[in-house]
Enquirer: 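I am attaching a structure below and will ask some questions about it afterwards.
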Amino acid sequence: MSRINKNVVLALLTLTSSAFLLFQLYYYKHYLSTKNGAGLSKSKGSRIGFDSTQWRAVKKFIMLTSNQNVPVFLIDPLILELINKNFEQVKNTSHGSTSQCKFFCVPRDFTAFALQYHLWKNEEGWFRIAENMGFQCLKIESKDPRLDGIDSLSGTEIPLHYICKLATHAIHLVVFHERSGNYLWHGHLRLKEHIDRKFVPFRKLQFGRYPGAFDRPELQQVTVDGLEVLIPKDPMHFVEEVPHSRFIECRYKEARAFFQQYLDDNTVEAVAFRKSAKELLQLAAKTLNKLGVPFWLSSGTCLGWYRQCNIIPYSKDVDLGIFIQDYKSDIILAFQDAGLPLKHKFGKVEDSLELSFQGKDDVKLDVFFFYEETDHMWNGGTQAKTGKKFKYLFPKFTLCWTEFVDMKVHVPCETLEYIEANYGPSPKILYIGRLAWEKTHHSEGSLLVK
């Protein structure tokens, strides 16, 4: 009898324990998981509670920046794309009226915001307050590349990125700096030796793999998931800039070394030509941008950027490159309407097209169209006097932004290979002087024969 009673008691205890365990599982699934965000759905736009890890981190970050008057704006491509798809709904949402977390609750490791550094007044104080609010923050600094050629200032460091982690979610604050040409620039996120590589999954960051340049966005305030945030007025324009934002600096140190060996030409004629060439480049850029035609610095203009960060004063013209697929039938008329009459037209759209326009003060604008083959690029050249045609081969290249004569313009990312295809091995192009230039360039401005 005693043994039977023990078995009964043991069975009852087991049954009770099982029932209690099932109750705990039910309680966790239907209450705690919703409260803490553990049951976050993988499907975008599903009904999710406002206490997800991502939403709470963003909310706390926005509270922090708002209280400290830090003018941040949202640049996260994933969130901006979702906002753009539901733009009318977002614009018509008032603060506190949202009943569903559609955007900031989407599963991800980071949320990216940006800050215009010249508007930030209390950097150090903000950093301390962030840590007091529970954020673990990492500050990434580096030398200001614009001062690279100035010995007394070349070591000056500027903030480039902040990573602020709350629980398992991180805010990536990209620091934008103003640059000449009315655009915004951010630096490369390089991890120094002492930085913990496991702090966050750095490889998943969408900004900082390389320096980037962006048009200065016009901002607007909207309510997203009950939170008031600033976003670009044209979200998709910003999103489309991201994969094409790579920026490369002019080689300031090398330019300074060049001028130490070859004195800069500051004669009245040289100064006047550079002024006219800069104005012509600005006018050409304005015309092409209005047409929506991308272009890059080519030939002697590209060499001047690469070698001496300036216009070569004896080059006599401004050279631009355009991919033939970007050609538009009204391009000639557009330049003529801008006050640049057509001087020469060589070739045809389907083969070796080249255009030359006459600017002020006898400065020409030469536009070379590039054609893509399986393993190379090429453009055609024609001698104006003889009509003889040439075909110039280039290794395939991509385009990067740079700064040149106070403008944000494109150059080939693979700049040295591009210039060497035009002018020969680097020792020659780095120190080619005026006499050598004039011997290898025709006065009409046609390309070097190869």
Side-chain angles (χ1 to χ4, degrees), residues 269-305 310-371 377-392 394 404-405 407 409-411 419 422-423 434 437-450:
E269 295 79 10
V271 172
F273 171 77
R274 279 180 170 148
K275 180 176 182 295
S276 297
K278 178 180 177 180
E279 291 174 353
L280 179 58
L281 178 58
Q282 290 173 333
L283 181 58
K286 182 179 179 181
T287 304
L288 291 171
N289 289 338
K290 190 175 181 180
L291 284 174
V293 174
F295 68 94
W296 65 90
L297 305 182
S298 189
S299 303
T301 307
C302 186
L303 174 60
W305 168 81
N310 209 334
I311 296 168
I312 298 174
Y314 44 82
S315 58
K316 298 183 180 179
D317 54 23
V318 171
D319 302 308
L320 302 181
I322 295 176
F323 292 121
I324 194 62
Q325 61 264 31
D326 293 320
Y327 170 82
K328 292 189 177 180
S329 58
D330 55 349
I331 193 170
I332 294 176
L333 180 60
F335 276 118
Q336 290 175 333
D337 289 344
L340 301 174
L342 181 67
K343 183 175 182 179
H344 296 297
K345 179 182 179 182
F346 301 114
K348 298 175 290 185
V349 174
E350 59 270 20
D351 177 48
S352 305
L353 182 63
E354 177 188 344
L355 302 176
S356 183
F357 299 90
Q358 186 61 59
K360 293 190 303 182
D361 304 319
D362 204 31
V363 182
K364 287 194 303 93
L365 172 68
D366 289 332
V367 181
F368 305 105
F369 289 87
F370 281 67
Y371 300 76
M377 305 274 197
W378 65 274
N379 77 288
T382 306
Q383 287 182 334
K385 288 182 178 179
T386 65
K388 190 175 181 180
K389 293 177 65 175
F390 302 92
K391 191 173 184 179
Y392 305 102
F394 293 81
F404 183 64
V405 294
M407 293 178 62
V409 293
H410 275 129
V411 292
I419 294 175
N422 234 328
Y423 299 106
R434 178 166 189 161
W437 180 276
E438 291 177 344
K439 286 179 180 178
T440 55
H441 287 70
H442 299 284
S443 60
E444 292 86 353
S446 59
L447 290 175
L448 179 66
V449 177
K450 294 183 180 179

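This is a predicted model, so every value here is computed, not measured.
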Enquirer: Is Tyr392 close to Asn422 at the side-chain level, that is, under 4.5 Å between some pair of heavy atoms?
Expert: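 Contact flag for Asn422/Tyr392 side chains = no.
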
Enquirer: Can you tell me if Asp362 has over 12 outside heavy atoms packed within less than 6.0 Å of its CG?
Expert: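 It does not: Asp362 CG has 12 such atoms or fewer within range.
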
Enquirer: Report the residue from Leu365, Ile332, Ile322 that forms a side-chain contact (heavy atoms from CB on, under 4.5 Å) with Leu355.
Expert: Ile332

Enquirer: In the structure I gave you, are the side-chain heavy atoms of Tyr423 and Ser299 within less than 4.5 Å of one another anywhere?
Expert: yes

Enquirer: Should Asp366 and Lys364 count as an ion pair when the cut-off is N to O under 4.0 Å?
Expert: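 Lys364 and Asp366: salt-bridged.
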
Enquirer: Once side-chain hydrogen bond (donor to acceptor under 3.5 Å, both in side chains) is applied, do any residues pair with Ser276, and if so which ones, sequence neighbours excluded?
Expert: Asp361

Enquirer: Taking side chain as C-beta onward, heavy atoms only, is Asn310 less than 4.5 Å from Arg274?
Expert: yes

Enquirer: Excluding sequence neighbours, so at least two apart, what forms ring-ring contact (aromatic ring centres under 6.0 Å, His included) with Phe295?
Expert: none

Enquirer: Go through the structure and list residues passing side-chain hydrogen bond (donor to acceptor under 3.5 Å, both in side chains) with Asp326, not counting sequence neighbours.
Expert: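 Asp326 satisfies side-chain hydrogen bond (donor to acceptor under 3.5 Å, both in side chains) with no residue once adjacent residues are dropped.
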
Enquirer: Ignoring hydrogens and angles, tell me if any N or O in the side chain of Thr301 forms a donor-acceptor pair with the backbone of Asp319 under 3.5 Å.
Expert: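 Yes, Thr301 side chain to Asp319 backbone: donor-acceptor pair under 3.5 Å.
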
Enquirer: If you look only at distance, which donor and acceptor atoms sit under 3.5 Å apart when one is on a side chain in residues 279-293 and the other is two or more places apart or in another chain?
Expert:
{"from": "Glu279", "atom 1": "OE2", "to": "Lys275", "atom 2": "NZ", "distance (Å)": "2.8"}
{"from": "Thr287", "atom 1": "OG1", "to": "Leu283", "atom 2": "O", "distance (Å)": "2.8"}
{"from": "Asn289", "atom 1": "ND2", "to": "Ala285", "atom 2": "O", "distance (Å)": "3.0"}

Enquirer: Roughly how far, to the nearest 0.5 Å, is the CZ atom of Phe404 from the NE2 atom of His410?
Expert: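 Rounded to the nearest 0.5 Å, the NE2-CZ separation comes to 15.5 Å.
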
Enquirer: Would Phe335 and Leu342 count as a side-chain contact (heavy atoms from CB on, under 4.5 Å) here? Give the steps.
Expert: CA-CA 8 Å; Phe335 276 118; Leu342 181 67; over 6 Å; no

Enquirer: Report yes if the distance between the aromatic ring centroids of Phe370 and Trp296 is under 6.0 Å, otherwise no.
Expert: yes

Enquirer: If every non-hydrogen atom of Lys348 is compared with every non-hydrogen atom of Tyr371, which pair is closest and at what distance?
Expert: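 Taking Lys348 first and Tyr371 second, the nearest heavy atoms are O-OH, 3.2 Å.
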
Enquirer: Please report the shortest heavy-atom distance between Ser298 and Gly321, naming the atom on each side.
Expert: CB-N, 3.7 Å

Enquirer: Can you give me the closest heavy-atom contact between Val411 and Trp305, atom names plus distance?
Expert: CG2-CH2, 3.9 Å

Enquirer: Say you draw a straight line from CG of Asp317 to CD of Gln358; how long is it, rounded to the nearest 0.5 Å?
Expert: 10.5 Å

Enquirer: With a 4.0 Å cut-off on N to O distance, would you call Lys389 and Asp351 a salt bridge?
Expert: yes

Enquirer: Side chains of Lys391 and Trp378, heavy atoms from C-beta outward: is any pair under 4.5 Å?
Expert: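 The answer is yes, as the side chains (C-beta and beyond) meet within the 4.5 Å cut-off.
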
Enquirer: Kindly write out the residues that satisfy side chain to side chain contact (heavy atoms under 4.5 Å, CB included) with Leu333, not counting sequence neighbours, or none if the list is empty.
Expert: Gln336, Asp337

Enquirer: Counting C-beta onward and ignoring hydrogens, is there a side-chain heavy-atom pair between Leu320 and Phe368 closer than 4.5 Å?
Expert: no

Enquirer: Determine the minimum heavy-atom distance between Ala277 and Ile311, stating which atoms define it.
Expert: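 In this case the closest contact between Ala277 and Ile311 is CB-CD1, 3.7 Å.
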
Enquirer: Kindly assign one of parallel, tilted or perpendicular to the pair Tyr327 and Phe369, based on the angle between their ring planes and the thresholds 30° and 60°.
Expert: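 The rings of Tyr327 and Phe369 stand perpendicular, inter-plane angle above 60°.
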
Enquirer: For Lys360, what residues pass the side-chain hydrogen bond (donor to acceptor under 3.5 Å, both in side chains) criterion, not counting sequence neighbours?
Expert: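 None.
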
Enquirer: Does Phe273 reach the side chain of Ser315, with side-chain heavy atoms less than 4.5 Å apart?
Expert: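 Counting from C-beta outward, Phe273 and Ser315 do come under 4.5 Å.
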
